[in-house]
Amino acid sequence: MNSPVNEEVRALMEAAHDRAAKELGLTCTGPPAWGFLGVTLGRRAGDRWLRVSRTAKRNAGRKRGEGIVGASELVPDGVPRPRLYEVHDWTDREWAFEAEVLDYLTQPVVSPDRADIDHDPGLPDEWWADLRQALALLTEAEGVRMTVRDVWIERAFPQFLGVPAPAEVKRVTGHGDLHWGNLTAAPLTLLDWERWGLVPFGYDAGLLHANSLLVPGVAARIREEFAPVLDTPAGRIGELTALAEMLQAVARGWYPDLAPRLAARAEALTGVRPPVPVHSEVAG
């Protein structure tokens, strides 16, 4: 979604991608697709897609039931996502690299350059029905990772929403990063399964809604489609969790155009105007 931050990152990730392609016997063509801050890099390899990500060496090793490998094992086949064919992992100096070979998708990502939207993508009714069904099926999977930890919620609600943290957070298995950069147009496919796991009930719909607030018609469609989730006490907590996370990003300099709408939505749910965002290092 974003270009790498500097030439050092570009060179590091391009070399890692070339290494993975060689090890996996793939010939990559087409332009590179960069992830957030250059942490991931993907390219087409025929009817496959080679995605390489990096993390600190101390975090090396895939955890059972988590990430894209866990999703391939535990998420029902009815949830549309790229098929995983092969992985290749290695460490080099201070970095750990993970490579995955996936389906190459021909349908476009709804918002390839940003997580939120500033115009109506004009998605058909069938797309919305498929999204509802996908998220409902996903709740049936065994989630292992706890996405958005309770300890974070305890700190973030007062800091970013100006209200006490909830006494209880209902959790279901969800995608964990449901925004417009991780959804394709028809036919629907859900991308980027790094954060999937046990999320607050209503969090997925709430996060997509938060990323739609610049387009009131789309935001209203989400509220309509997911009313059985969002219009419940537990779903309200999930949506507020998503808003707190987005307001934390605002405090770090992201989403300047979206910021007043995020604050207004939070106030509409709580009756309290969120504190003025300031730079924060609260960990998510």
Side-chain angles (χ1 to χ4, degrees), residues 1-46 48-75 79 81-105 109 111-115 143-148 174-184 189-197 199 207 245 249 252 254 283-284:
M1 291 174 57
N2 302 275
S3 61
V5 290
N6 56 46
E7 288 305 313
E8 182 181 358
V9 169
R10 180 188 295 273
L12 173 71
M13 292 299 293
E14 288 179 346
H17 199 278
D18 289 345
R19 172 174 173 170
K22 182 177 180 180
E23 290 288 340
L24 294 164
L26 298 174
T27 300
C28 295
T29 59
W34 291 98
F36 182 68
L37 297 179
V39 171
T40 67
L41 173 60
R43 288 187 73 193
R44 182 178 181 178
R48 302 286 188 263
W49 182 260
L50 176 59
R51 179 182 186 269
V52 176
S53 60
R54 78 177 194 279
T55 186
K57 187 175 181 179
R58 65 178 179 273
N59 298 325
R62 299 178 190 261
K63 297 179 180 178
R64 188 197 72 81
E66 296 188 13
I68 193 165
V69 173
S72 71
E73 297 169 344
L74 299 174
V75 172
V79 179
R81 60 192 188 279
R83 180 179 174 184
L84 175 67
Y85 293 94
E86 196 171 358
V87 299
H88 175 63
D89 303 339
W90 74 97
T91 59
D92 186 5
R93 291 173 293 181
E94 73 268 35
W95 297 109
F97 296 93
E98 295 181 346
E100 295 122 14
V101 183
L102 307 158
D103 283 323
Y104 173 73
L105 302 178
V109 175
S111 181
D113 299 318
R114 54 194 285 180
V144 176
R145 167 183 174 149
M146 181 175 287
T147 302
V148 192
H175 181 271
D177 202 14
L178 197 73
H179 59 66
W180 294 107
N182 284 336
L183 297 169
T184 68
T189 305
L190 280 66
L191 309 175
D192 194 350
W193 288 82
E194 295 307 309
R195 293 189 77 200
W196 85 279
V199 304
L207 186 61
E245 201 170 55
R252 293 172 171 173
W254 298 95

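Predicted, not measured: the structure shown is a model, and the values here were computed from it. No hydrogens, no waters, no symmetry mates; every other heavy atom, side chains included, goes into these values. One is the number of the first residue; the rest follow in order along the sequence.
- Considering only residues two or more places apart in sequence or on other chains, Arg62 meets the salt bridge (charged side-chain N to carboxylate O under 4.0 Å, His left out) condition with Asp89, Glu98, Glu100.
- At least one side-chain heavy atom of Ile68 sits less than 4.5 Å from a side-chain heavy atom of Glu194.
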Candidate pair Val199 and Val148, rule side-chain contact (heavy atoms from CB on, under 4.5 Å), full reasoning = CA-CA 7 Å; Val199 304; Val148 192; 5.9 Å; no
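- By the 6.0 Å contact criterion, CD on Glu94 is enclosed, its count of non-hydrogen atoms from other residues, nucleotides or ligands being greater than 12.
- For the pair Arg19 and Trp90, the minimum side-chain heavy-atom distance is below 4.5 Å.
- The two atoms that bring Leu50 and Cys28 nearest to each other are CD2-SG, 4.0 Å, heavy atoms only.
- Listed for the Arg43 side chain is a donor-acceptor partner under 3.5 Å among the backbone atoms of Gly30.
- Contact between Pro32 and Leu41 at its shortest, heavy atoms only, is CB-CD1, 3.4 Å.
- Here the straight-line distance linking atom CG of Leu74 with atom CH2 of Trp196 works out to 4.5 Å at 0.5 Å rounding.
- A donor-acceptor pair under 3.5 Å links the side-chain atoms of Arg54 to the main chain of Gly38, judged by distance alone.
- Annotation: side-chain hydrogen bond (donor to acceptor under 3.5 Å, both in side chains) contacts of Trp180 (sequence neighbours excluded): Ser212.
- Taking the centre and axis of the six-membered ring of Tyr85, the NZ or CZ atom of Arg48 falls inside the cone set by 45° and 6.0 Å.
- Checking side-chain atoms of Asn6 against main-chain N and O of Val9 turns up a donor-acceptor pair under 3.5 Å.
- Between Asp192 and His179 there is no side-chain heavy-atom pair separated by less than 4.5 Å.
- Residues Phe97 and His88 fail the side-chain proximity criterion, which asks for heavy atoms closer than 4.5 Å.
- Taking both residues in full, the closest heavy atoms of Gly46 and Arg44 are given as O-NE, 2.7 Å, listed atom of the first, atom of the second, then distance.
- The salt bridge (charged side-chain N to carboxylate O under 4.0 Å, His left out) search around Glu66 returns none, not counting sequence neighbours.
- In this structure Leu191 satisfies the side chain to side chain contact (heavy atoms under 4.5 Å, CB included) test together with Pro82, Leu105, Val109, Asn182, Thr184, Thr189, sequence neighbours excluded.
- Under the 3.5 Å distance criterion, the side-chain polar atoms of Thr147 are matched with a main-chain donor or acceptor of Arg195.
- A perpendicular orientation is assigned to the rings of Trp193 and His175, their planes being inclined by more than 60° (bins at 30° and 60°).
- Met13 contributes atom CE, which lies 6.5 Å from atom OG1 of Thr40 (distance to the nearest 0.5 angstrom).
- By the side chain to side chain contact (heavy atoms under 4.5 Å, CB included) test, Thr27 is found to be paired with no residue, residues two or more places apart in sequence or in another chain being considered.
- The structure places CG of Asp103 at 12.5 Å from CH2 of Trp49, a figure rounded to the nearest 0.5 Å.
- When all heavy atoms of Val52 and Ala16 are compared, the pair lying nearest together is CG1-CB, 4.2 Å.
- Residues meeting the side chain to side chain contact (heavy atoms under 4.5 Å, CB included) test with Glu86, sequence neighbours left out: Leu24, Val101.
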